[in-house]
Amino acid sequence: MTETVVSEPKAATVQPRAVTWRRAARRSPVWRLVKRTAFYLLVALIFVYALFPFYWVIRSAFTPESDLFITPIKWVPAHPTLQNFRYVLETKDFQQALVNSAIVAGSVTLIALALGAFASYALGRIKFRGRTLMMYLMLSMTIFPQIAILGALYTMVNNFHFYNSLKALILTYMILVIPLTVWVLTSFMRALPRDLEEAAYIDGASPFQTFWRIVLPLVAPALVTTGMLAFIASWNEFLFALSFTETPDKHTVPVAITSFTTGRGGTFQYPWGEVMAATLIVTVPLIALTLILQRRIVAGLTAGAVKG
């Protein structure tokens with residue numbers, strides 16, 4: 001009886017993958033160094049492009065008027081001075097403009113947050129017919145450019161006898177700020193877990209008590225973030241402030257800066273030094289608020305990223 005020997009199948013030979021010159025270049029330390037260097041150069045280019053205007057404002061604000069236009073350009077003032085800041089801060093119209101901007105921006109921010117919190121709670125937590133349509137209608141109000149609604153707003157301001165008053169600015173800024181506030185806060189309201197509200201209802205809390213004691217503390221970072229956006233938008237607004245105010249005692253800082261007239265030099269000399277100093281002065285409060293509230297702002301920006 002003959003034995004049949006079954007031979008084991010030979011393992012398939014795997015052909016080594018050919019190493020192309022591109023793959024070899026990517027693995028080399030030189031290529032990694034070149035890639036990393038190009039990345040940092042791009043970051044540095046973007047950084048310089050974004051911050052160069054602000055650097056030029058600082059440089060011009062501390063440069064004497066006689067040295068602003070000398071050639072070759074001196075990137076660092078040879079004789080720095082505070083004279084531009086003294087002239088700006090001694091100007092009565094600019095002082096009044098700072099007060100006006102603080103009143104208008106603060107009032108708009110508080111009103112927008114109050115109305116926006118209630119509206120966003122209704123849109124984000126309560127189901128009713130037409131909710132999505134209302135959301136998109138609210139968003140569509142921000143699509144139109146300001147100049148397109150300027151004529152209608154001018155008629156409305158005149159009919160209310162608000163022309164050349166801070167009430168006109170507060171009323172018209174609401175059209176710009178409230179849709180943004182409602183849209184941003186609604187996304188945060190939708191991200192909150194419903195278990196907290198249901199537990200509050202079981203404990204006997206009313207809808208307003210649930211909103212005031214449960215929901216608002218949870219969306220506090222979002223309120224800070226949205227309030228900062230509303231404040232900056234109101235502080236920097238120019239077109240409505242120029243159109244609805246006439247006398248210098250009602251101007252806000254953007255209009256006051258463009259209305260600067262030099263008290264020194266020739267008649268046809270534009271006071272660039274004073275303008276740059278005023279620009280730096282009105283920018284400092286926004287930077288200070290951002291630095292003080294940076295933790296809340298970061299928490300507010302990421303609060304609605306994860307649902308539940």
Side-chain angles (χ1 to χ4, degrees), residues 50 101-144 146 149 169-237 285-308:
S101 289
I103 294 173
V104 172
S107 302
V108 170
T109 302
L110 292 178
I111 297 173
L113 286 179
L115 297 179
F118 283 105
S120 60
Y121 180 73
L123 292 172
R125 311 300 293 178
I126 302 174
K127 293 182 179 180
F128 57 91
R129 184 175 297 177
R131 181 177 62 171
T132 304
L133 177 62
M134 187 174 297
M135 282 292 298
Y136 284 108
L137 182 62
M138 188 82 61
L139 181 63
S140 67
M141 296 172 62
T142 63
I143 297 176
F144 297 98
Q146 291 179 258
I149 59 176
L169 302 183
I170 295 174
L171 177 65
T172 53
Y173 287 3
M174 289 295 177
I175 299 175
L176 305 176
V177 174
I178 286 183
L180 172 66
T181 304
V182 173
W183 184 265
V184 173
L185 286 179
T186 300
S187 63
F188 293 104
M189 294 289 184
R190 287 178 175 174
L192 294 178
R194 294 190 176 274
D195 298 342
L196 299 174
E197 291 176 271
E198 293 174 357
Y201 291 145
I202 292 174
D203 290 339
S206 64
F208 181 78
Q209 288 175 331
T210 303
F211 169 75
W212 183 258
R213 297 183 179 181
I214 304 298
V215 175
L216 277 187
L218 292 176
V219 297
L223 291 174
V224 174
T225 304
T226 312
M228 277 295 301
L229 295 176
F231 187 88
I232 292 173
S234 303
W235 184 271
N236 293 332
E237 204 284 327
L286 302 181
I287 298 176
L289 282 175
T290 304
L291 293 177
I292 293 172
L293 303 173
Q294 60 178 338
R295 292 186 180 180
R296 289 284 189 176
I297 293 173
V298 173
L301 291 174
T302 58
V306 180
K307 186 176 181 181

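This one's a predicted model, so the numbers in the text were calculated from it and none came from an experiment. Hydrogens, waters and symmetry mates play no part in the numbers below; they use all other heavy atoms, side chains included.
For the residue pair V108 and S234, the shortest heavy atom distance occurs at CG1-OG, 3.3 Å. Closest approach of R190 to M135, counting heavy atoms only: NH2-CG, 4.1 Å. Between A200 and I214, the shortest heavy-atom distance links the atoms CB-CG1, 4.2 Å. Here the shortest heavy-atom pairing between P217 and W212 reads CD-O, 3.5 Å. Listed here is the closest heavy atom pair of Y201 and T210: CE2-OG1, 3.3 Å. Minimum interatomic distance between V177 and A230 (heavy atoms only, all atoms of both residues): CG1-CB, 3.3 Å.
Contact annotation: the side chain of Y121 never approaches that of L185 to less than 4.5 Å [non-hydrogen atoms, C-beta and beyond].
Annotation: the span from T132 atom OG1 to L137 atom CG amounts to 12.0 Å, rounded to 0.5 Å. Considering CD1 of I111 and OH of Y173, their distance stands at 13.5 Å, rounded to 0.5 Å. Note that the CE atom of M228 and the CG atom of L286 stand 6.5 Å from one another [nearest 0.5 Å]. With rounding to the nearest 0.5 Å, the separation of CE in M134 from CG in L123 is 6.5 Å. In this structure, CD in E237 is found 6.5 Å from CG in L176, a value given to the nearest 0.5 Å. Distance CG/L180 to CG/L229: 6.0 Å, rounded to 0.5 Å.
When T181, V182, V219 are each tested for a side chain to side chain contact (heavy atoms under 4.5 Å, CB included) with T226, only one passes: T181.
Here the side chain of S120 pairs a donor or acceptor atom with the backbone of A117 at under 3.5 angstrom.
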